[in-house]
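The sequence lines fix the lettering, A, B, ..., with proteins before strands; numbering per chain opens at 1.
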Protein chains: 2
Amino acid sequence: MLKFQQKEKILKKYFGILRKCSLFSEIEDRHLIAMLSCLGAKRVSFDKKYTIFAQGNSAKYIGILLSGSAQIVRHDYYGNRSIVSGVMPGELFGESFACAGMEVLPVSIVANEPCEVLLIDSGHVLHTCTNGCEFHRRMIYNLMRDLAAKNIMFHQKLDITAKRTTREKLLAYLAYMEQQTGKNEFEIPFDRQELADYLEVDRSGLSAEIGKLRREGVLDCRKNHFTLL
Amino acid sequence: MLKFQQKEKILKKYFGILRKCSLFSEIEDRHLIAMLSCLGAKRVSFDKKYTIFAQGNSAKYIGILLSGSAQIVRHDYYGNRSIVSGVMPGELFGESFACAGMEVLPVSIVANEPCEVLLIDSGHVLHTCTNGCEFHRRMIYNLMRDLAAKNIMFHQKLDITAKRTTREKLLAYLAYMEQQTGKNEFEIPFDRQELADYLEVDRSGLSAEIGKLRREGVLDCRKNHFTLL
DNA sequence: ATATGTATGTTGAAATTTCAACAAAAGGAG
DNA sequence: CTCCTTTTGTTGAAATTTCAACATACATAT
């Protein structure tokens with residue numbers, strides 16, 4: 001009983017986050033705790049740089065990031081890292097693979113800083129109470145919206161990485177960030193090496209290009225803070 | 001009445017295709033015609049090289065390719081073409097944008113050869129009979145699976161295009177095709193220019209690389225038919 | 001403040017891509 | 001078959017990326 005109260009308390013701490021989570025869109029707070037319990041949601045913490053899901057692991061879990069930040073990364077045969085995207089609090093991860101019925105993950109999800117994560121067995125979302133539970137139906141709809149949004153994200157990423165030069169990729173990315181934030185000044189969620197691994201270019205070449213654009217008066221930056229001029 | 005019979009007849013011609021379409025998974029033939037009518041599905045034909053949906057068009061339609069083949073392409077400000085993926089009969093297109101609620105399409109869908117297409121207003125799939133119609137619920141679930149599968153497709157494409165050299169991209173693509181077909185010999189759905197636009201590389205460089213790999217005894221190819229040795 | 005480790009910037013050489021231009025091959029139309 | 005168009009292959013020069021190595025800046029802990 002005490003344990004349940006604690007659990008409630010802990011989860012209430014994250015209501016603000018869970019409310020914004022696409023999986024629970026249009027689901028009222030008063031139903032949320034019961035749902036989470038029904039879904040068998042488990043809260044887990046990870047230290048900075050810890051791998052939350054590893055490439056090759058079972059793909060049956062869906063994660064919800066409660067706090068911190070993470071990245072979806074892929075390592076090829078030679079160990080080259082490619083960063084697919086970042087994950088911010090309230091966002092789902094792993095849902096594509098679970099929903100597509102993949103056995104194992106083709107990517108890893110890595111904690112960027114200390115993270116708290118809610119893990120849900122995808123079977124509980126996809127395969128239970130098929131006959132009518134309103135919440136369940138809503139979750140399937142929400143998942144559909146979420147997956148469509150992820151698809152758009154991939155289109156946007158392709159728009160950036162399809163460019164042929166480091167300069168064009170960088171400018172396309174910064175233009176995208178400007179459009180997203182609505183400001184010509186913003187923080188990017190990557191350090192230099194990470195930005196290079198996201199844009200699929202060489203880090204030193206990227207640094208050189210940033211320096212050149214700065215000298216040309218196109219942009220200014222201090223660490224992760226970029227300004228387009 | 002005659003018109004309806006014709007419509008039935010025409011659609012029956014494509015039952016084999018529609019049965020395989022992810023949107024209608026687990027929906028029985030006897031319900032299909034009524035559903036298509038209810039969804040306001042319209043059959044349209046397109047000549048080779050015709051643009052089925054154009055970048056910038058309204059994103060409210062979902063397409064089902066009935067015959068022929070098409071490609072999802074994007075043109076940037078300078079007119080550079082990038083091929084996102086191919087579309088084969090029975091596959092959906094445009095559903096990501098409709099389901100994500102985008103206003104306009106960020107890509108075009110172009111007929112590769114004469115095509116027949118079934119167009120469905122996404123509003124009829126997403127926003128009608130929210131209270132219980134079993135078919136409708138099933139379609140949402142099917143869309144969710146389809147979108148998850150498209151997501152996986154993007155991951156696979158990133159796996160290929162994240163490689164840094166033409167040679168690596170080409171070999172990654174051919175390895176993927178080998179895995180898909182289960183054979184070391186297969187036809188690719190692209191001519192040279194299209195393959196280059198799919199891999200995001202220069203066509204002449206690609207031709208040169210194919211020639212080099214052939215001389216090295218790694219592969220053989222005649223037109224679109226590739227053999228890995 | 002110093003030391004230590006990490007992140008970022010810089011450089012030059014080697015490898016690769018792009019680009020333009022042309023040659024060769026393949027396919028269609030008359 | 002020939003002409004014409006499209007596709008594919010080839011080439012060399014210019015631009016760009018990658019790679020390795022090192023220098024500098026920054027952050028943190030002692």
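Applying the side-chain hydrogen bond (donor to acceptor under 3.5 Å, both in side chains) test to pairs two or more places apart or on separate chains, none has a residue in residues 46-55 of chain A. Applying the ring-ring contact (aromatic ring centres under 6.0 Å, His included) rule to pairs touching residues 145-170 of chain B yields A/F97-B/H155, A/F154-B/F154, A/F154-B/H155, A/H155-B/F154, sequence neighbours excluded. Among residues at least two apart or in separate chains, salt bridge (Lys or Arg N to Asp or Glu O under 4.0 Å) pairs with a member in residues 177-198 of chain B are B/R81-B/D197. Each salt bridge (Lys or Arg N to Asp or Glu O under 4.0 Å) pair with one or both residues in residues 206-228 of chain B, not counting sequence neighbours, appears once here: B/R167-B/E209, B/R167-B/E216, B/R214-B/D220. For the salt bridge (Lys or Arg N to Asp or Glu O under 4.0 Å) condition, the pairs that include at least one residue of residues 101-116 of chain A, sequence neighbours left out, are A/R43-A/E116. Residue pairs meeting the ring-ring contact (aromatic ring centres under 6.0 Å, His included) criterion with at least one member in residues 53-85 of chain A, sequence neighbours excluded: A/F53-A/F93. For residues 15-25 of chain B, every residue pair satisfying the salt bridge (Lys or Arg N to Asp or Glu O under 4.0 Å) rule, not counting sequence neighbours, is listed here: B/R19-B/D29.
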Run B/L206 and B/I210 through side chain to side chain contact (heavy atoms under 4.5 Å, CB included) and show every step you take. CA-CA 6 Å; B/L206 174 61; B/I210 290 173; 4.1 Å; yes
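Mapping heavy-atom proximity under 4.0 Å, the span of DNA chain C touched by chain A runs 5' to 3' from C/dT8 to C/dT18.
Rounded to 10°, the helix from C/dA1-D/dT30 to C/dG30-D/dC1 has 40° between the axis fitted to its first five pairs and the one fitted to its last five.
For the side-chain hydrogen bond (donor to acceptor under 3.5 Å, both in side chains) test, no residue two or more places apart in sequence or in another chain qualifies with A/N224.
At a non-hydrogen distance threshold of 4.0 Å, B/V201, B/D202, B/S204, B/G205 from residues 187-208 of chain B come into contact with DNA chain C. For the segment residues 215-225 of chain A, the set of residues with a heavy atom within less than 4.0 Å of an atom of DNA chain D is empty.
No donor-acceptor contact under 3.5 angstrom links the side chains of B/S122 and B/E95, judged on distance only.
Put simply, the side chain of A/I109 does not reach to within 4.5 Å of the side chain of A/L65, judged on heavy atoms.
A residue-by-residue look at B/T166 and A/G211 shows that A/G211 has its nearest nucleotide of DNA chain C further toward the 5' end.
Remark: B/E91 does not engage B/K150 in a salt bridge, criterion side-chain N to carboxylate O under 4.0 Å.
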